[in-house]
Amino acid sequence: MPKRTSRLFTHKLADALMLGAIAVFIILHLNGANLSKENGVLENAQVFVILCGALTYLLRAMINFGAPYRAIQAYAIFMTAFLFAGAARELSFGKVFGFEPQVVDGVKYVVAALVVGLLLVTLWAYFRPTQSRWQQTKDLLRSRTLLHFYAAFLIFGIAGVFEKGDFGMIKSVFLEELLELTCFMALLRGALLLGCERLWKPRTDASTAANALQHPSEGAATSR
């Protein structure tokens, strides 16, 4: 199977699974199932989707770590940290795994240290010397990957409205949790897109190309 066809199939399969899961949760809720309790089905589904997204972003960052796409690397590492923090927020380690309070505190410190470390790596990856960093950044901000991030941010805000019942909306824990799950699914889909869309191509003008032909060693050093 060609690589492009394989990626398209993966995206379609992921879309079908995510939409199918949302439909199943709605049907179960309408039939009286309590899916929105603490550490219940919806929260565990959120943690699963978050971890899938974090691992997908981390894989994307590792695959392209030696390439000149600094903005893409930095964004992938940042999203890995962001989603790991989100998983820790959604998961109550004491209730799920039966940990003692001291162990739970230790896990929180480990997760916090991991997140801070990844954020420092994000800064290092972004500000390493490279050509066209700002062009890469602009291309990334206009990409389909970031559109999913913007959509996720909006969905999360709407979930907060249902959590508090603001603006005359009904107060529904189920809708809040379902929208949060949809938000994390949008981030996961953005991670999958980051692995396939070509966000930036090195731009070489005529003078640079001519110089590279005359001085191959210097041209090779410049392209690194």
Side-chain angles (χ1 to χ4, degrees), residues 7 10-11 13-15 17-19 21-22 25 36 38-65 69-97 99 104-126 136-137 140-141 143-160 163 176-197 199:
R7 285 174 173 173
T10 301
H11 296 162
L13 178 62
D15 289 344
L17 290 174
M18 289 187 282
L19 291 174
I22 291 174
F25 291 145
S36 52
E38 186 72 16
N39 294 314
V41 174
L42 278 177
E43 286 199 353
N44 288 331
Q46 290 172 13
V47 173
F48 175 76
V49 172
I50 290 171
L51 290 177
C52 286
L55 293 174
T56 303
Y57 277 113
L58 181 61
L59 179 63
R60 183 57 177 164
M62 292 172 62
I63 289 174
N64 291 278
F65 202 75
Y69 311 124
R70 304 289 190 250
I72 299 173
Q73 293 170 18
Y75 175 72
I77 299 169
F78 169 78
M79 288 304 300
T80 302
F82 179 77
L83 290 174
F84 271 133
R89 170 185 174 273
E90 293 295 336
L91 188 63
S92 177
F93 295 98
K95 292 183 179 179
V96 174
F97 301 109
F99 291 161
V104 173
D105 290 339
V107 171
K108 289 180 179 178
Y109 287 130
V110 170
V111 172
L114 175 64
V115 170
V116 171
L118 286 171
L119 291 177
L120 292 175
V121 176
T122 298
L123 293 174
W124 173 78
Y126 184 76
Q136 292 179 40
T137 303
L140 180 63
L141 291 173
S143 68
R144 289 182 296 162
T145 294
L146 263 290
L147 285 178
H148 283 72
F149 179 85
Y150 306 145
F153 187 81
L154 177 61
I155 295 169
F156 195 82
I158 297 173
E163 178 186 13
E176 175 216 346
E177 297 291 350
L178 187 66
L179 285 170
E180 287 187 2
L181 176 62
T182 306
C183 161
F184 300 135
M185 285 179 172
L187 293 177
L188 172 57
R189 195 172 191 281
L192 293 172
L193 286 175
L194 188 65
C196 70
E197 63 176 328
L199 298 178

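The model shown is predicted, which means the values in this text are computed figures rather than measured ones. In this chain, residues are counted from 1 in sequence order.
Atom CZ of Phe156 sits about 5.5 Å away from atom CZ of Phe184, to the nearest 0.5 Å. Atom CD1 of residue Ile72 and atom CD of residue Gln136 lie 6.5 Å apart, to the nearest 0.5 angstrom. Remark: Leu118 CG to Met79 CE distance equals 12.5 Å, nearest 0.5 Å. Distance check, rounded to the nearest 0.5 Å: CG of Leu193 to CG of Leu146 gives 11.0 Å. Taken from CG in Leu147 to CG in Leu141, the straight-line distance is 10.5 Å, to the nearest 0.5 Å. Here the CG-CD1 distance, from Leu154 to Ile158, works out to 4.5 Å after rounding to the nearest 0.5 Å.
Nearest heavy-atom pair, Thr122 versus Ala74, reported as atom, atom and distance to 0.1 Å: CG2-O, 3.3 Å. When all heavy atoms of Val47 and Ala87 are compared, the pair lying nearest together is CG2-O, 4.3 Å. Closest approach of Leu192 and Ala14 over heavy atoms only: CD1-CB, 3.8 Å. Nearest approach of Ile77 to Ala125, heavy atoms of both residues: CD1-CB, 4.0 Å. Across Ala81 and Val115, no two heavy atoms sit closer than the pair O-CG2, 3.8 Å. Shown here for Gln73 and Ala61, the closest heavy-atom pair between the two residues is O-CB, 4.3 Å.
The local environment of CZ in Phe153 is sparse, with at most 12 non-hydrogen atoms from other residues, nucleotides or ligands closer than 6.0 Å. With a 6.0 Å radius and a threshold of 12 heavy atoms from other residues, nucleotides or ligands, Phe25 has its CZ atom above the threshold.
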Item to check | Check against side chain to side chain contact (heavy atoms under 4.5 Å, CB included), Tyr126 and Thr137 | outcome: CA-CA 10 Å; Tyr126 184 76; Thr137 303; 2.7 Å; yes
Item to check | Chi angles and distances behind the side chain to side chain contact (heavy atoms under 4.5 Å, CB included) call for Phe84, Leu51 | outcome: CA-CA 7 Å; Phe84 271 133; Leu51 290 177; 4.1 Å; yes
Checklist entry - Do Tyr57 and Phe78 pass the side chain to side chain contact (heavy atoms under 4.5 Å, CB included) test, and can you show the C-alpha distance, the side-chain angles, and the key distance before you say yes or no? => result CA-CA 9 Å; Tyr57 277 113; Phe78 169 78; over 6 Å; no
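Gln46 places a side-chain N or O within 3.5 Å of a backbone atom of Glu177 that can act as its donor or acceptor partner.
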